Amino acid sequence: MEEKILSGKKNGMPVMLGIIALYILAIVGIVTGAVGVSASSDAGHTNPAFVALLVVCIIAVVLGWIPLCGLHVLKPQEALVLTLFGKYIGTLKEEGFYFVNPFCTSINPAAKTKLSQSGDVNPGSGSMGSILTIQGSGASVDVVTNNKISLKVMTLNNNRQKINDCLGNPVEIGIAVTWRIVDTAKAVFNVDNYKEFLSLQCDSALRNIVRIYPYDVAPNVDTTGDGVADEGSLRGSSEIVAGRIRDEIQERVDEAGIEIIEARITYLAYAPEIAAVMLQRQQASAIIDARKMIVDGAVGMVEMALERLNEKNTVVLDEERKAAMVSNLLVVLCGNHDAQPVVNSGSLY
């Protein structure tokens, strides 16, 4: 379906003024015809001209509202898709006051659909409106009478999903997708409901990408598909993951005339059932790293102490005494508590 832009239709104001003038003339004609018919009847014969004028003016008043159905006002970044007896005739895109065939009907299959996104509010619930959602797709149905299609940039805040990463660990992730309509004909006619279609494709693309990555860096995991293990992860490579999600969604919604401007990860965490275990794992890893650093530093300090003692011959120690000194220093330096020294007042031997 190719989009056709209707131009040269911004003549709504002259048509409206013409209809108003027609009504005024019709009312004047009704009054004139009624007076003429009454006067001619009193004279004994009815004048056909006054009767014809009266009939024509009444018909004009009864049917004069039909052209009003062809008047449409569009604000900036709004569009109206028009069909005539089931055939697509074109789209009004620029702001202005338009007059089209009054028998044309505007179509927007997503007019009654509300998403968890900017721009979708309920005008009947106050100045700020409300956002309605259905678990899973992020969509619900409400009564909306406006069939205009918004061309503004909107942000879809999709519901959080629980997805298994490439290691099988369940994670919860949410994304915000910035999008807009670039082809109104495709959006209206190629899919049943472009808003629900976008939401479902976001869910599907998110699952496809997240299952490629681990939550955190893991050994022997290839996230790029080149056969070489890398350090890609959901937590550490969020920009790359978001870019792949955006490309995946764009590929799926091209047929619906939608452009995906940006996709961002808004929430990322382990699922509650394994969050405590993963926290313990992270704590254990941190403790091991800290202990390794402490041991490395302690060994360096012991080596330095023995070298300084040997350089100045302060104390001459045999191998057994050196081993004891090394043991004592490591206990003091690597211990979690302050040392409790023991003073030996006797002989060393």
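Residues take their numbers from the sequence shown, with the count starting at 1. Predicted, not measured: the structure shown is a model, and the values here were computed from it.
- Under the 4.5 Å side-chain criterion, counting only non-hydrogen atoms from C-beta, Y194 is not in contact with K186.
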Report the C-alpha distance between R252 and E248 in whole Å, list the side-chain angles of each, state the deciding distance to 0.1 Å, and finish with yes or no for salt bridge (Lys or Arg N to Asp or Glu O under 4.0 Å). CA-CA 7 Å; R252 294 168 178 265; E248 180 84 6; 3.1 Å; yes
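- Contact check for V221 versus L167: side-chain heavy atoms found under the 4.5 Å cut-off.
- Counting all heavy atoms, side chain and backbone alike, Y213 lies closest to D165 at O-CB, 3.1 Å.
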Verify side chain to side chain contact (heavy atoms under 4.5 Å, CB included) between C202 and N158, making sure each step is shown before the conclusion. CA-CA 8 Å; C202 288; N158 230 31; 3.7 Å; yes
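- Between I89 and C104, some side-chain heavy-atom pair lies under the 4.5 Å cut-off.
- Linking Ile, Leu, Val, Met, Phe, Trp and Tyr whenever their side-chain heavy atoms come within less than 4.5 Å leaves I58 and I27 in two separate clusters.
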Side-chain donor-acceptor contacts of residues 259-267 below 3.5 Å, not counting sequence neighbours, with atom names and distances?
from: E259; atom 1: OE1; to: R180; atom 2: NE; distance (Å): 2.9
from: E259; atom 1: OE1; to: R180; atom 2: NH2; distance (Å): 3.1
from: E262; atom 1: OE2; to: R264; atom 2: NE; distance (Å): 2.8
from: E262; atom 1: OE2; to: R264; atom 2: NH2; distance (Å): 2.9
from: R264; atom 1: NH1; to: E239; atom 2: OE1; distance (Å): 2.5
from: R264; atom 1: NH1; to: E239; atom 2: OE2; distance (Å): 2.9
from: T266; atom 1: OG1; to: G174; atom 2: O; distance (Å): 3.2

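- Summarising the geometry of K4 relative to Y88, their closest heavy-atom pair is N-OH, 3.1 Å, with the distance given to 0.1 Å.
- To the nearest 0.5 Å, atom CG of residue N159 and atom CG of residue L206 are 11.5 Å apart.
- Among all heavy-atom pairs drawn from L54 and A34, the shortest one is CD1-N, 4.0 Å.
- E196 has its side chain within reach of T113: a pair of non-hydrogen atoms, C-beta onward, lies under 4.5 Å apart.
- Looking at heavy atoms from C-beta onward, V217 lies in side-chain contact with S233 at the 4.5 angstrom threshold.
- Here the closest non-hydrogen pair linking V61 and A26 is CG2-CB, 3.6 Å.
- Residues satisfying the side-chain contact (heavy atoms from CB on, under 4.5 Å) test with L68, not counting sequence neighbours, are I19, W65, L71.
- Proximity of T178 to M154: side-chain heavy atoms (C-beta onward) are nowhere separated by under 4.5 Å.
- In this structure, the separation between CD1 on I245 and OG on S238 is 10.0 Å, given to the nearest 0.5 Å.
- Closest non-hydrogen pair, R235 versus D216, comes out as NH2-OD2, 2.8 Å.
- Here the CG atom belonging to D254 is positioned 11.0 Å from the CG atom belonging to N190, to the nearest 0.5 angstrom.
- Of all the heavy atoms in I149 and I107, the pair that sits closest is CD1-O, 4.2 Å.
- To the nearest 0.5 Å, atom CG of residue L17 and atom CG of residue L22 are 12.5 Å apart.
- Residues forming a side-chain contact (heavy atoms from CB on, under 4.5 Å) with K93 (at least two apart in sequence, or on another chain): E3, I5, A79, T91, L151, T184.
- For the side chain to side chain donor-acceptor pair (under 3.5 Å) condition, the pairs that include at least one residue of residues 8-34, sequence neighbours left out, are K10-E94.
- For D222, the side-chain contact (heavy atoms from CB on, under 4.5 Å) partners are T224, D226, D230, not counting sequence neighbours.
- The side chain to side chain donor-acceptor pair (under 3.5 Å) contacts involving residues 76-87 comprise T83-T105, where partners must be two or more places apart or lie in separate chains.
- In this structure the side chain of T223 never reaches within 4.5 angstrom of the side chain of V241, judged on heavy atoms.
- Put simply, the side chain of K195 never gets that close to the backbone of A111: no donor and acceptor are under 3.5 Å apart.
- When the side chains of ILVMFWY residues are joined at heavy-atom separations under 4.5 Å, either directly or via intervening members, F103 and F99 end up in a single hydrophobic cluster.
- Two residues are said to be in side-chain contact when any heavy atoms from C-beta on lie closer than 4.5 Å; R207 and Q161 meet this criterion.
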